[in-house]
Amino acid sequence: MEELNCIVTNIMRVSPIMKIIRIKPVGWDLPEYKAGQFVALGLQGKAAKCADSTEEFSEQEPEKIIKRAYSIASSSTQEYVEFYVTLVHSGSLTPRLFELKIGDNLWMGKKAVGMFTIDEIDPEQNVVLVATGTGVAPYMSMLRSNALSRKGKVIVIHGAANSWDLGYSSELELLQSMFPNFTYYPTITNPEKEPSGWNGDVRFIQDIWDDKVVEKKWGFAPTSENTHVFLCGNPNMTDGMTEVLEKNGFKEHKRKEAGQIHVEKF
Ligand SMILES: Cc1cc2nc3c(=O)[nH]c(=O)nc-3n(C[C@H](O)[C@H](O)[C@H](O)COP(=O)(O)OP(=O)(O)OC[C@H]3O[C@@H](n4cnc5c(N)ncnc54)[C@H](O)[C@@H]3O)c2cc1C
């Protein structure tokens, strides 16, 4: 049987349904990984579930480890790995992850995988990093690694329901104040719920792109010649943005055919 090979070292509650969880391996070394990659996390079926979970679609075997993919949010220079997780009330793994306390054990796959990385993109190129919800996780890994030493411009456009769901906003604001080539652009879809109002954008990311917000921030137009666009999170956003970008001459990056749109669907 596979053992629960990691220990929880830190938990930060971002909102009632979002947590940042840090874990460390127990008795083995973290794998080498590139910013933007993901690993599998898991817990046994018998693990306790959080109180606000709802019924699952299928019964879990008590000893079997339920495994799901999670993007790494920390830089590879840390001795811990950080994840940004949304609770899916009727899901199998997240209600169990949300019940974890500091010091509890869980399973992590020993190999990080994925092609959603920035390393091979010419540092002179500009980069647009678009996320919904926890889709910002791989960008945190990129920004905390070496993305901000690039010569080109970097912008994070982060969409969420409410301002309190914009995890990492303080860190992203700080990075914006420190790095002249970096812009943070949040947008929320439920402004009427904000207790103290919201001065930022409230549009869908597709409309923000169409309104040329990136061009206004950069002072020049992002084109398929000078910019790569990363899309991560909700498939409605990644599909919608891909369609908009393709109309603007960008092409999806594929293993056999290089392009400028890089997609990771959660
Ligand atoms: C590359 C990658 C990276 C990812 N990174 C992250 C990340 O950083 N953070 C993050 O929060 N998530 C991430 N995800 C999503 C994550 O892997 C899980 O899918 C998510 O956490 C839900 O897992 P779960 O086990 O709780 O839900 P699941 O059990 O997988 O259920 C998901 C949904 O499907 C429904 N469902 C389940 N079974 C059925 C059925 N038989 N019929 C109909 N509906 C059903 C459930 O009710 C629920 O709404 C990533 C996914 C991928 C592919």
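We count ligands from 1, going down the list as the structure has it; atoms in each ligand are counted the same way.
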Note to self: Quick check on side chain to side chain donor-acceptor pair (under 3.5 Å): which of Lys64, Glu63, Glu56 does Gln60 satisfy it with?
What the structure shows: Glu56
Next item on the list: Among all protein heavy atoms, pick the one closest to atom 36 (N) of ligand 1 and tell me residue, atom and distance.
Entry: Phe57 CD1, 3.4 Å
Notebook entry, point to check: Which ligand 1 atoms are under 4.0 Å away from a heavy-atom of Val85?
Noted result: 11 (O)
Checklist line | Top protein contact for atom 6 (C) of ligand 1, by heavy-atom distance | finding: Phe266 CE2, 3.2 Å
Notebook entry, point to check: Under 4.0 Å from any heavy atom of Leu93, which atoms of ligand 1 are there?
Noted result: 24 (P), 25 (O), 26 (O)
Note to self: Glu99 vs Lys101, test: salt bridge (Lys or Arg N to Asp or Glu O under 4.0 Å). Steps then yes/no.
What the structure shows: CA-CA 7 Å; Glu99 191 57 12; Lys101 310 275 181 286; 3.7 Å; yes
Margin query: What protein heavy atom lies closest to atom 33 (C) of ligand 1? Include the residue and the distance to one decimal.
Written below: Val88 CG1, 4.2 Å
Check: What is the closest protein heavy atom to atom 11 (O) of ligand 1, and at what distance does it sit?
Finding: Thr86 N, 3.0 Å
Next item on the list: Write out the residue and atom name of the closest protein heavy atom to atom 10 (C) of ligand 1, then the distance separating them to 0.1 Å.
Entry: Thr134 OG1, 3.4 Å
Margin query: Quick check on the 6.0 Å ring-centre criterion: do His262 and Phe116 meet it?
Written below: no
Check: In ligand 1, which numbered atoms sit nearer than 4.0 Å to a non-hydrogen atom of Gly91?
Finding: 24 (P), 26 (O), 27 (O), 28 (P), 29 (O), 31 (O)
Check: Between Val263 and Val113, is there a shared hydrophobic cluster once you connect ILVMFWY residues whose side-chain heavy atoms come closer than 4.5 Å?
Finding: no
Next item on the list: Tell me which protein heavy atom sits closest to atom 29 (O) of ligand 1, plus the residue, atom name and distance to 0.1 Å.
Entry: Ser92 N, 2.9 Å
Margin query: Quick test: of every protein heavy atom, which one is nearest to atom 21 (O) of ligand 1, and how far off is it to 0.1 Å?
Written below: Tyr70 OH, 2.6 Å
Item checked: Same cluster (ILVMFWY, side-chain, under 4.5 Å), Met140 and Met12 -> yes
Next item on the list: Look up atom 47 (O) of ligand 1 and tell me if a protein heavy atom lies less than 4.0 Å from it?
Entry: yes
Notebook entry, point to check: Are Asn105 and Val8 close enough that some pair of their side-chain heavy atoms sits under 4.5 Å apart?
Noted result: no
Item checked: Shortest non-hydrogen separation from Gln78 to Leu30 and the atoms involved -> O-CD1, 3.9 Å
Notebook entry, point to check: Can an N or O of Lys265 be found at a distance shorter than 3.5 Å from an N or O of ligand 1?
Noted result: no
Checklist line | Minimum non-hydrogen distance to atom 51 (C) of ligand 1, winning option of Gly135, Ser58, Ser90, Ala69 | finding: Ala69
Next item on the list: State yes or no: do Phe230 and Trp218 share one hydrophobic cluster built from I, L, V, M, F, W and Y residues joined by side-chain heavy-atom distances below 4.5 Å, directly or via other members?
Entry: no
Margin query: Looking at every non-hydrogen atom in both residues, tell me the closest pair between Leu172 and Phe182 and how far apart they are.
Written below: O-CE2, 3.5 Å
Checklist line | Taking every non-hydrogen atom, the tightest pair across Glu194 and Ser163 | finding: OE1-OG, 2.5 Å
Next item on the list: Name the closest protein heavy atom to atom 19 (O) of ligand 1, giving the residue it belongs to and the distance to 0.1 Å.
Entry: Arg68 CD, 4.3 Å
Notebook entry, point to check: Where on Phe83 is there a heavy atom closer than 4.0 Å to ligand 1, on the side chain, on the backbone, on both, or on neither?
Noted result: neither
Next item on the list: Using a 4.0 Å heavy-atom cut-off, say whether Phe38 meets ligand 1 through its side chain, its backbone, both or neither.
Entry: side chain
